[in-house]
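These notes concern the structure reproduced below.
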Amino acid sequence: MSRIAFIGLGNMGAPMAHNLLKAGHDLSVYDLVPGAVNTLADAGARPATSADDAAQGAEVVITMLPASKHVEALYLDCDLLASIDGAALVIDCSTIAPDSARKVAAAARARGLTMVDAPVSGGTAGAAAGTLTFIVGGEAAAFERAKPILEAMGKNIFHAGPAGAGQVAKICNNMLLGILMAGTSEALALGVANGLDPKVLSDIISKSSGRNWATELYNPWPGVMDNTPAAKGYAGGFGVDLMLKDLGLAAEAALSTRSSIPLGELARNLYSLHSGDGNGKLDFSSIVNLYTHKTQG
Ligand code: NAD
């Protein structure tokens, strides 16, 4: 079992840290929100007073922060790297820009530290169940070191390539997810406007060529599935603003390589309009309201 520092105990980080504790690891935890630290301390983690304090003596340092600016601020501006033991492994699970991940990994390497980017897929339900998919970027040897730790929090652990590759793969996946959710919403709204029952239409699509993750597991239409954000007023889940962030990362990656992503850009604009209407904290499947409100109006 390893001595692990876990920094960033939000919607994803808290359940991930709980699973590391359950697996028997020795955890020190830190978040800017004291309540989040206290909850993990109640479960048996050592509450740290700062990120530097959490990292003291850790064999593995894991971060799960909102965005690139938070990761760069912590590792580079606040120089967390200086507090980490030379033999430790650093794993950043946040979804951030590939360039940002490469920059922090290079700074870690310059200090003799080993670092991987390991963004996740699977949402808060996957984090709680310990079934996340980890998409790792870094040296092969670093991937092998990270794997047993990540297996306590996830089911599928992939090595995408060198530093930053985990972020590239994650961004491609989420761009596709954003497009699929908007497309599924559009198709369901069209069917309902033309007299179909949304559940009947969803069942038909799920067994036809338009089937996808949204129709099978995460239907955006209220009343079609239980246990989805759509069944709970779009509370919880994966926020519109987080999807908007990921589509922005896709747009940046496309600009830097002169790639064309017309559907990804269209999806980014749809989620941006939806967020601007005050829906930023709702689950991203609430994008269906953009279509139903227009249909009803
Ligand atoms: P969140 O906002 O709920 O949690 C982030 C936490 O980081 C907060 O508790 C915040 O206080 C803390 N934090 C920020 N700066 C800090 C610092 N300097 N030191 C210590 N703590 C700090 O976000 P989340 O939903 O847990 O997402 C985390 C990351 O995972 C994001 O990059 C997100 O894109 C990605 N992600 C989220 C989901 C999801 O379904 N929520 C799914 C896959 C990936």
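Residue numbers count from 1 along this sequence. In listed order, ligands and their atoms are each counted from 1.
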One finds that the ligand 1 atoms under 4.0 Å from a non-hydrogen atom of Lys170 are 43 (C), 44 (C)
Below 30° counts as parallel, above 60° as perpendicular, anything between as tilted: where do the rings of Phe238 and Phe284 land? perpendicular
Polar atom proximity, Asn11 to ligand 1 (N or O, under 3.5 Å): yes
Among protein heavy atoms, which lies nearest atom 17 (C) of ligand 1, and at what distance? Leu32 CG, 3.7 Å
Within the distance-only criterion (no hydrogens, no angle test), does the side chain of Asp92 pair as donor or acceptor with the backbone N or O of Val90 below 3.5 angstrom? no
Nearest heavy atom to atom 13 (N) of ligand 1, choosing from Leu65, Asp283, Asp77, Asn173, belongs to Leu65
Under the 3.5 angstrom rule, does the side chain of Ser208 hit a backbone N or O of Ile204 as a donor-acceptor pair? yes
Test your reading of the model: is there a side-chain donor-acceptor pair from Asp277 to the backbone of Asn279, 3.5 Å cut-off? no
Ignoring angles and geometry beyond distance, decide whether Asp31 reaches within less than 3.5 Å of ligand 1 through its nitrogen or oxygen atoms. yes
Atom 30 (O) of ligand 1 protein-contacted (non-hydrogen atom, under 4.0 angstrom): yes
Quick check on contacts: which atoms of ligand 1 are under 4.0 angstrom from a heavy atom of Val120? 43 (C), 44 (C)
Short question: side chain of Thr63, backbone of Ile7 - any donor-acceptor pair under 3.5 Å? no
For Ile7, which part has a heavy atom under 4.0 Å from ligand 1: side chain, backbone, both, or neither? side chain
Glu72/Lys69 salt bridge by N-O under 4.0 Å criterion: no
Do other residues, nucleotides or ligands put more than 12 heavy atoms under 6.0 Å from Arg211 CZ? no
Considering non-hydrogen atoms of the protein only, which is the closest contact for atom 4 (O) of ligand 1, and what is the distance? Gly10 CA, 3.2 Å
Between Asp203 and Lys199, is the closest basic N to carboxylate O distance under 4.0 Å? yes
Taking atom CG of Asn227 as the centre, does the number of heavy atoms from other residues, nucleotides or ligands within less than 6.0 Å exceed 12? no
For Met16 and Ala127 the tightest heavy-atom approach is CG-CB, 4.1 Å
Is any N or O atom of Pro66, backbone or side chain, closer than 3.5 Å to an N or O atom of ligand 1? yes
Quick check on contacts: which atoms of ligand 1 are under 4.0 angstrom from a heavy atom of Tyr30? 19 (N), 20 (C)
Considering only heavy atoms of Lys245, which atoms of ligand 1 have at least one such atom less than 4.0 Å away? 31 (C), 32 (O), 33 (C), 34 (O)
Distance filter under 4.0 Å to Val33 heavy atoms, resulting ligand 1 atoms: 11 (O)
For Thr95, counting its heavy atoms only, list the atoms of ligand 1 lying under 4.0 Å from any of them. 32 (O), 34 (O), 35 (C), 44 (C)
Within-cut-off N or O pair, Met12 and ligand 1, under 3.5 Å: yes
